[in-house]
Amino acid sequence: MLAINQTVIEVVRGSVLEQDVDVIVNAANNAMRGGGGVDGAIHLAAGKALVEELKILSPHGCRSGEVVVTQGHALRHKHIFHTPGPIWFGGLSKEPEVLSRCYRNCLVEASNRSLSSIAFCSISTGIYRFPISRASVIATNTVAAWINENPSTSINRVVFAMFQEQEFEHFTSALAALAENPASVS
């Protein structure tokens, strides 16, 4: 756990669907119509109305690093933020920058809506093959830096909900490294 300004950042073992937060983040695909992994689980749990809303809000899909905001539908969460992460091509196609934008843009959306809590999954580390060792550092550093730069944000809790043990271990280590060296948060 790491506290910056009035915000607590933590890593937990479990699904984003299980988190008691205002908004969950979906590691969506560019088509915005559901898929496998966490994307499929969120679509299944939210119900068919989610796809209908996405067809209206994002008829042509969404570019990687951007965010589409929907209602929570059958979920207890107020909103779902859908953000397609980058596909890993060896880091030569600005994948780290795009991944960072995914996290940053979700925080901006949450703050703009005066939400107090948000839960992230591990974006792009599944079928998109972004190395978890790099993705976890990018995710935690991006979130910590954004919180540090926005001390008056409404967000008081950020959760990294990691379903798999390997994700949990990498995100826990990345956050612990920031906690050990708070001066690195910028």
Side-chain angles (χ1 to χ4, degrees), residues 9 11-19 21 23-46 50-70 72 75 77 79-110 118-146 158-175 177-178:
I9 304 169
V11 179
V12 300
R13 180 82 195 275
S15 168
V16 292
L17 290 166
E18 300 166 343
Q19 305 311 307
V21 293
V23 60
I24 60 172
V25 176
N26 179 16
N29 59 46
N30 296 101
M32 293 281 135
R33 300 297 179 265
V38 71
D39 190 19
I42 288 172
H43 275 262
L44 182 63
L50 175 57
V51 171
E52 296 308 314
E53 184 180 10
L54 283 166
K55 286 178 182 177
I56 293 166
L57 294 176
S58 188
H60 305 293
C62 180
R63 291 187 348 201
S64 296
E66 295 181 359
V67 179
V68 174
V69 179
T70 65
L75 301 177
H77 309 97
H79 299 284
I80 306 166
F81 291 178
H82 307 265
T83 184
I87 297 172
W88 182 254
F89 290 109
L92 304 174
S93 298
K94 299 188 179 186
E95 297 97 301
E97 293 88 348
V98 174
L99 183 62
S100 182
R101 277 200 315 267
C102 290
Y103 288 96
R104 189 177 318 107
N105 288 338
C106 286
L107 293 169
V108 168
E109 291 289 346
I118 184 170
F120 289 99
C121 59
S122 183
I123 300 168
S124 283
T125 59
I127 196 167
Y128 286 6
R129 303 178 318 275
F130 202 114
I132 186 71
S133 58
R134 292 186 67 182
S136 58
V137 171
I138 290 167
T140 54
N141 286 358
T142 298
V143 168
W146 190 90
V158 177
V159 178
F160 289 105
M162 300 296 114
F163 191 73
Q164 296 179 359
E165 181 65 29
Q166 182 185 23
E167 294 170 335
F168 177 75
E169 289 173 4
H170 280 282
F171 273 79
T172 299
S173 295
L175 192 61
L178 284 175

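Considering every non-hydrogen atom in both Ile87 and Glu95, the closest pair reads O-CG, 3.3 Å. Contact record, Ala41 with Leu17: O-CD1, 3.9 Å, taken as the closest heavy-atom pair. In terms of heavy atoms, Phe171 sits closest to Val11 at O-CG2, 3.7 Å. Contact between Pro84 and Cys62 at its shortest, heavy atoms only, is CG-O, 3.6 Å. Taking all atoms of both residues into account, the shortest heavy-atom contact from Phe120 to Met162 is O-CE, 3.8 Å. Among all heavy-atom pairs drawn from Tyr103 and Ile123, the shortest one is OH-N, 3.2 Å.
Taking CD1 from Ile80 and CG from Leu50, the interatomic distance works out to 4.5 Å, rounded to the nearest 0.5 Å. Annotation: the span from Ser15 atom OG to Ile24 atom CD1 amounts to 7.0 Å, rounded to 0.5 Å. In this structure, the separation between CD on Glu167 and OG on Ser136 is 10.0 Å, given to the nearest 0.5 Å. If you take NE2 on His170 and CG on Leu175, they are separated by 14.5 Å, rounding to the nearest 0.5 Å. To the nearest 0.5 Å, atoms CZ (Arg101) and CG (Asn105) are separated by 7.5 Å. Glu169 CD to Ile132 CD1: the interatomic distance, rounded to the nearest 0.5 Å, is 10.5 Å.
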Show the numbers, then the answer: is there a side-chain contact (heavy atoms from CB on, under 4.5 Å) between Leu54 and His43?
CA-CA 11 Å; Leu54 283 166; His43 275 262; 3.5 Å; yes
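Within the 4.5 Å cutoff, no side-chain heavy atoms of Ile118 are placed close to those of Val21. Considering only heavy atoms from C-beta on, Val25 stays 4.5 Å or farther from Val16 through its side chain. Between Tyr128 and Trp88, the closest side-chain pair of non-hydrogen atoms is not below 4.5 Å. By the 4.5 Å heavy-atom criterion applied to side chains, Lys55 and Met32 are not counted as neighbours. Looking at Thr140 and Ile9, their side chains never come closer than 4.5 Å, going by heavy atoms from C-beta outward. Under the 4.5 Å side-chain criterion, counting only non-hydrogen atoms from C-beta, Phe130 is in contact with Leu99.
At distances below 3.5 Å, not a single donor-acceptor pair connects side-chain atoms of Thr142 with backbone N or O atoms of Arg104. Panel note: side chain Asn26, backbone Thr83; no donor-acceptor pair is recorded below 3.5 Å.
Around atom CD1 of Ile127, no more than 12 heavy atoms belonging to other residues, nucleotides or ligands sit under 6.0 Å away.
Scanning for side-chain hydrogen bond (donor to acceptor under 3.5 Å, both in side chains) contacts around Arg13 gives Glu165, with sequence neighbours left out. Annotation: side chain to side chain contact (heavy atoms under 4.5 Å, CB included) contacts of Leu44 (sequence neighbours excluded): none.
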